Amino acid sequence: MEFSKNVLFSITRYILIIFLVSITACQGGLFSYRGRIVEPDKRLALSEGGPHKGSWQTFDLMVDYQYEQKAGKLHLSGVAELSYHYKANYDNLDHFYLTVFFLDTEGKVLDSELVLNAISSDLDETFFFEKNLEIPSNSVSIAFHDMIGVREGNRDHPLNEIIP
């Protein structure tokens, strides 16, 4: 009987640990970009009023965006298009996530918001996004971050991730 209580206690403790780690991960505690530093050349300064227009481009992606900043809120809209590299080399888009990071004066990520979540088989598609966001206090700039997953026929390719 004593052995059973010890085993039951160990199993319960193990399940509790897994549960707590899962809750922390879901809240962004483990898999968050908060606190990471974005390189100065990847930062896009925020200005009051607007509309302000800009472009952001990487090897994978081109984004034309527009925003208005008023009273701690950011109205962000734009279009995103995958680069020729994807269009020429892959058949299917599994997923495409575009996130905006809010940064302080040192480029530290204060918070992030998903602005585009796309699943499509058409790599030539132009993706539109529009979001109204709360600007965290001490934010002076933003940066974009993308995650793109593609497939060629039935062969999966690893997740391609560009971190600004």
Side-chain angles (χ1 to χ4, degrees), residues 21-104 107-136 139-164:
V21 167
S22 298
I23 292 294
T24 303
C26 290
Q27 295 298 320
L30 289 180
F31 306 112
S32 173
Y33 289 101
R34 283 189 182 143
R36 293 185 67 182
I37 302 296
V38 174
E39 299 171 22
D41 63 322
K42 307 289 188 211
R43 302 174 198 168
L44 307 165
L46 288 174
S47 299
E48 273 291 325
H52 303 285
K53 295 181 180 188
S55 296
W56 180 72
Q57 186 170 347
T58 68
F59 176 76
D60 295 322
L61 182 67
M62 294 153 288
V63 176
D64 289 321
Y65 64 92
Q66 174 177 303
Y67 74 89
E68 289 187 58
Q69 179 184 348
K70 292 182 183 170
K73 299 192 184 307
L74 186 72
H75 179 81
L76 178 66
S77 61
V79 295
E81 188 175 341
L82 298 177
S83 70
Y84 178 76
H85 164 76
Y86 283 105
K87 295 175 184 180
N89 293 302
Y90 301 101
D91 298 325
N92 298 302
L93 176 66
D94 283 336
H95 58 270
F96 169 27
Y97 307 117
L98 183 64
T99 302
V100 64
F101 292 149
F102 290 96
L103 313 171
D104 67 9
K108 183 169 43 170
V109 177
L110 301 173
D111 204 357
S112 62
E113 290 284 344
L114 183 67
V115 295
L116 177 64
N117 179 0
I119 299 172
S120 171
S121 60
D122 185 3
L123 293 168
D124 291 320
E125 186 175 340
T126 299
F127 302 94
F128 298 90
F129 61 92
E130 184 171 5
K131 288 279 187 168
N132 289 307
L133 307 167
E134 294 284 331
I135 301 173
S139 295
V140 297
S141 60
I142 59 172
F144 288 104
H145 172 263
D146 68 87
M147 292 175 62
I148 301 167
V150 293
R151 271 185 298 119
E152 181 180 333
N154 291 328
R155 192 176 80 210
D156 287 337
H157 291 274
L159 179 70
N160 296 305
E161 183 173 344
I162 301 298
I163 300 176

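Quantities reported herein were computed from a predicted structural model and do not represent experimental measurements. Worth knowing before you read on, the calculation uses all heavy atoms, side chains too, and leaves out hydrogens, waters and symmetry mates.
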Non-neighbouring partners of [X] that pass ring-ring contact (aromatic ring centres under 6.0 Å, His included), sequence neighbours left out:
| X | result |
| --- | --- |
| H52 | Y67 |
| F96 | F127 |
| Y97 | H95 |
| Y65 | F144 |

### Task
With side chain to side chain contact (heavy atoms under 4.5 Å, CB included) as the test, would you mind laying out the steps for L103 and I142 before giving the verdict?
CA-CA 6 Å; L103 313 171; I142 59 172; 5.8 Å; no

With sequence neighbours excluded, what pairs up with [X] under the side-chain contact (heavy atoms from CB on, under 4.5 Å) test?
| X | result |
| --- | --- |
| D41 | E39 |
| K108 | I37, D104 |
| E130 | H75, S77 |
| P51 | Q66, E68 |

### Query
Do Y90 and L82 have side chains that get closer than 4.5 Å, going by heavy atoms?
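Not touching, per the 4.5 Å side-chain cut-off.
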
### Query
Is any side-chain heavy atom of L61 closer than 4.5 Å to a side-chain heavy atom of L98?
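Yes. Closest side-chain heavy atoms under 4.5 Å.
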
### Task
Would you tell me whether S55 and D64 have side-chain atoms, one donor and one acceptor, within less than 3.5 Å of each other?
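Distance-only check passes for S55 and D64.
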
### Task
Please report the shortest heavy-atom distance between A45 and S141, naming the atom on each side.
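In terms of heavy atoms, the two residues are closest at CA-CB, 3.8 Å.
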
### Query
Can you name the residues that form a side-chain hydrogen bond (donor to acceptor under 3.5 Å, both in side chains) with K131, not counting sequence neighbours?
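side-chain hydrogen bond (donor to acceptor under 3.5 Å, both in side chains) list for K131, sorted by chain: empty.
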
Report, one line per pair, each donor and acceptor closer than 3.5 Å where one atom sits in a side chain of residues 110-118; sequence neighbours left out.
{"from": "D111", "atom 1": "OD1", "to": "R34", "atom 2": "NH2", "distance (Å)": "2.9"}

### Message
Per the salt bridge (Lys or Arg N to Asp or Glu O under 4.0 Å) rule, what does the pair list look like for residues 48-57, sequence neighbours excluded?
### Response
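Non-adjacent pairs meeting salt bridge (Lys or Arg N to Asp or Glu O under 4.0 Å): zero.
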
### Message
Walk me through whether Y33 and T99 qualify under side chain to side chain contact (heavy atoms under 4.5 Å, CB included).
### Response
CA-CA 11 Å; Y33 289 101; T99 302; over 6 Å; no

### Query
Are there more than 12 heavy atoms of other residues, nucleotides or ligands under 6.0 Å from atom NZ of K87?
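Result for NZ/K87: enclosed.
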
### Task
Kindly determine whether F129 and V63 satisfy side chain to side chain contact (heavy atoms under 4.5 Å, CB included), including the steps that lead there.
CA-CA 10 Å; F129 61 92; V63 176; 4.0 Å; yes

### Task
Working to the nearest 0.5 Å, report the span between OG1 of T58 and CG of D60.
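Reported value, rounded in 0.5 Å steps: 4.5 Å.
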
